[in-house]
J.: 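The structure is given below, and queries will be raised subsequently.
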Amino acid sequence: MPLRLYNTLSGEKELFVPRVPGKVGMYVCGVTVYDLCHIGHARAGIVFDMIYRYLQFAGYEVTYVRNYTDIDDKIINRANQEGTDYRTIADRYIATFDEDMDRLGMRRPTLEPKATEHIDDIITIIQQLIENGHAYATEGDVYFSVETFGEYLKLSKRNLEDMQAGARVEVDERKRNPMDFALWKSSKPGEPWWESPWGQGRPGWHIECSAMSMRFLGPSFDIHGGGKDLVFPHHENEIAQSECANGCQFVKYWLHNGFVNINSEKMSKSLGNFFSIREVLQLFHPEVLRFFILQAHYRSPLDYSDQNLREAQAGLARIYEALAGLDAALAEQADDLQTVPSAAELAEKAAGLEPRFREAMDDDFNTAQALGILFDTVRTLNRFLAEGGGRNTESRPALEQLRRSVDRIGDVLGLFQTRAADWLAEREAEKSRQLTVTEQEIQSLITERAEARKAKNFARSDEIRDYLLANNIQLVDTPQGTTWKVK
RNA sequence: GGCGCCGUAGCCAAGUGGUAAGGCAGAGGUCUGCAAAACCUUUAUUCAGCGGUUCAAAUCCGCUCGGCGCCUCCA
């Protein structure tokens, strides 16, 4: 079953054929480190983490490079605001980015280079571009000449005339074409700078990604990813720089994830409608956020709201509850010879889970469908356990196979990384912190209610139950006695 | 103004030519003294609207309406 993926460059789903059999080079644009990351960054991170994991699961040896852009106008502005230097700002937000990504359960990329560690590479590429006639220096700045690259805008499928007609770019007399973009910027007094053939300055935005991808993955590699908003100008400019410098195709497959929206509008710094990752993680478990993101296809827009996250939490809990039931069944001896009605269906679903998962994932990483398949399997599992098949001898291999498959799938999606029983217990503990009644009081009321029930004094028994319910405590009657949970 | 995307049940969301996955919420059932929880079952003759192509359309084409994105920094 071959992997097919949607390539922004062709606008179609294509068969994935890596340049070198069995190996994949993947570059994903990281962040410009000048502020806290928001949910949009979390989506990009999680989506490409999932892709990274799935490629590995599919047997590829993956070199995954994700950069930090640690020199940029916004970083300098932020430093000026705080009266500090760019390095302090960059290092601070690299640290917070790493923290956020770790909390979200992201597998670390193979390499995480920083732009400022590749200034020499950047200068080399710019020199090549000048020699090739694709770039020109003027007053300490260097610009890329877009008119020298016939295929410019092939990724975003536009043309220069239309762009200029609706352009909101400021006119710069020194540019040959208003669309020309900076490869190197001369430094103003007080700004950080590096020595270059064109004087003291710093790299423009875009060139650092060409330099770092080329350094670690070569002039031509398999997959380049990032958010949809990077298609133009960032990735378009990367293509221009890299292909003009190297004279070969830069990237075979371009992958772009959709935005996170708030009320159907893009979440962004400029609109001010963003939630930082750490804000959201105060309210929801990291896996809930991951589950929420993976429930939509990676290219679709995704509306963030408290309500939607709560629904994701309920859905994830459904799976964890089923897994807890599965674990409990497996912990017991299989000594029951009585076959239950859904045994055959369970065996079929257990055997089919992984193939069906792969089929969904091979279709442009359709995690929404993959999770649907998982839920479908969970329903059968629940029925099987409800029928009392947990200790059945004949079904034990299917149950074990199911558990292994869920583990493997969870490993790809970055979900179910906690033991099911622990996850559920943790959620209960979280809720318990908001209790308005002491556990002692609850216990004594449970005892009193048990006595009332024994005496068939149901009025008193119900009164106790209602009182506790009003305090968010739900009594749970079981054959073994009464327990309680926070509602 | 240019380019592009989207519109599937109360909500979220898969599905790109073969007769509508899944989740949340709701309803019914099992259980229970009654409940709750849990579990099971169930919920779109129909895919924004209109027209066309086809044996066959949510899927392809055209138009209309509605929402959004990029064209400036942005994952």
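So that the names make sense, note that chain A is the first sequence line, chain B the second, and so on, each numbered from 1.
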J.: Any side-chain N or O of A:R318 below 4.0 angstrom from OP1/OP2 of B:G23?
T.: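 Yes, A:R318 has a side-chain N/O under 4.0 Å of OP1/OP2 on B:G23.
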
J.: For A:R278, is the CZ atom crowded, meaning more than 12 foreign heavy atoms sit under 6.0 Å from it?
T.: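 Yes - once you tally the heavy atoms of other residues, nucleotides and ligands closer than 6.0 Å, there are more than 12.
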
J.: If you draw the axis of the six-membered ring of A:F232, does the NZ or CZ of A:R158 fall within 45° of it and under 6.0 Å from the ring centre?
T.: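 Output yes; distance and angle both within limits.
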
J.: Centre of A:F259's six-membered ring, under 6.0 Å away, within 45 degrees of the axis: is that where NZ or CZ of A:K228 sits?
T.: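 Pair A:K228/A:F259 does not count as cation-pi.
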
J.: Quick one: is B:C40 close enough that its OP1 or OP2 comes under 4.0 Å of any side-chain N or O from A:N382?
T.: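 Affirmative; the distance criterion is met.
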
J.: How far does the P atom of B:G49 sit from the matching atom of B:A36, given to the nearest Å?
T.: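 About 39 Å, rounded to a whole number of Å.
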
J.: Using 4.0 Å as the upper bound for N to carboxylate O, is an ion pair formed by A:R449 and A:D477?
T.: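 Here A:D477 pairs with A:R449 in a salt bridge, since their nearest N and O are under 4.0 Å apart.
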
J.: Centroid distance below 5.5 Å plus an interplanar angle below 30 degrees: do A:F375 and B:G23 meet both conditions?
T.: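 So A:F375 does not count as stacking on the base.
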
J.: When the C1' atoms of B:A27 and B:C70 are compared, how many Å lie between them, rounded to an integer?
T.: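 Rounded to whole Å, the distance is 45 Å.
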
J.: Would you please confirm or rule out a distance under 4.0 Å between OP1 or OP2 of B:C34 and any side-chain N or O of A:S461?
T.: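 Checking B:C34 against A:S461, no side-chain N or O comes under 4.0 Å of OP1 or OP2.
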
J.: Quick one: is A:R379 getting a side-chain N or O under 4.0 Å of the B:G22 phosphate, OP1 or OP2?
T.: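 So the side chain of A:R379 is within the cut-off, an N or O lying under 4.0 Å from OP1 or OP2 of B:G22.
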
J.: Does a side-chain N or O from A:N366 land closer than 4.0 Å to OP1 or OP2 of B:G15, or not?
T.: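 A:N366 to B:G15 OP1/OP2: side-chain N or O found under 4.0 Å.
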
J.: Within the 4.0 Å heavy-atom criterion, would you say A:L475 contacts the bases, only the backbone, or no part of the nucleic acid?
T.: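 Counting heavy atoms under 4.0 Å across all strands, the contact made by A:L475 includes a base.
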
J.: For B:U16, give the paired nucleotide (Watson-Crick: N1-N3 plus N6-O4 or O6-N4; G-U: N1-O2 and O6-N3; both under 3.5 Å), or none.
T.: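 With both distances under 3.5 Å required, B:U16 matches none.
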
J.: In the structure shown, which nucleotide is the Watson-Crick or G-U wobble counterpart of B:G66, with both distances under 3.5 Å?
T.: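 Partner of B:G66: B:C6.
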
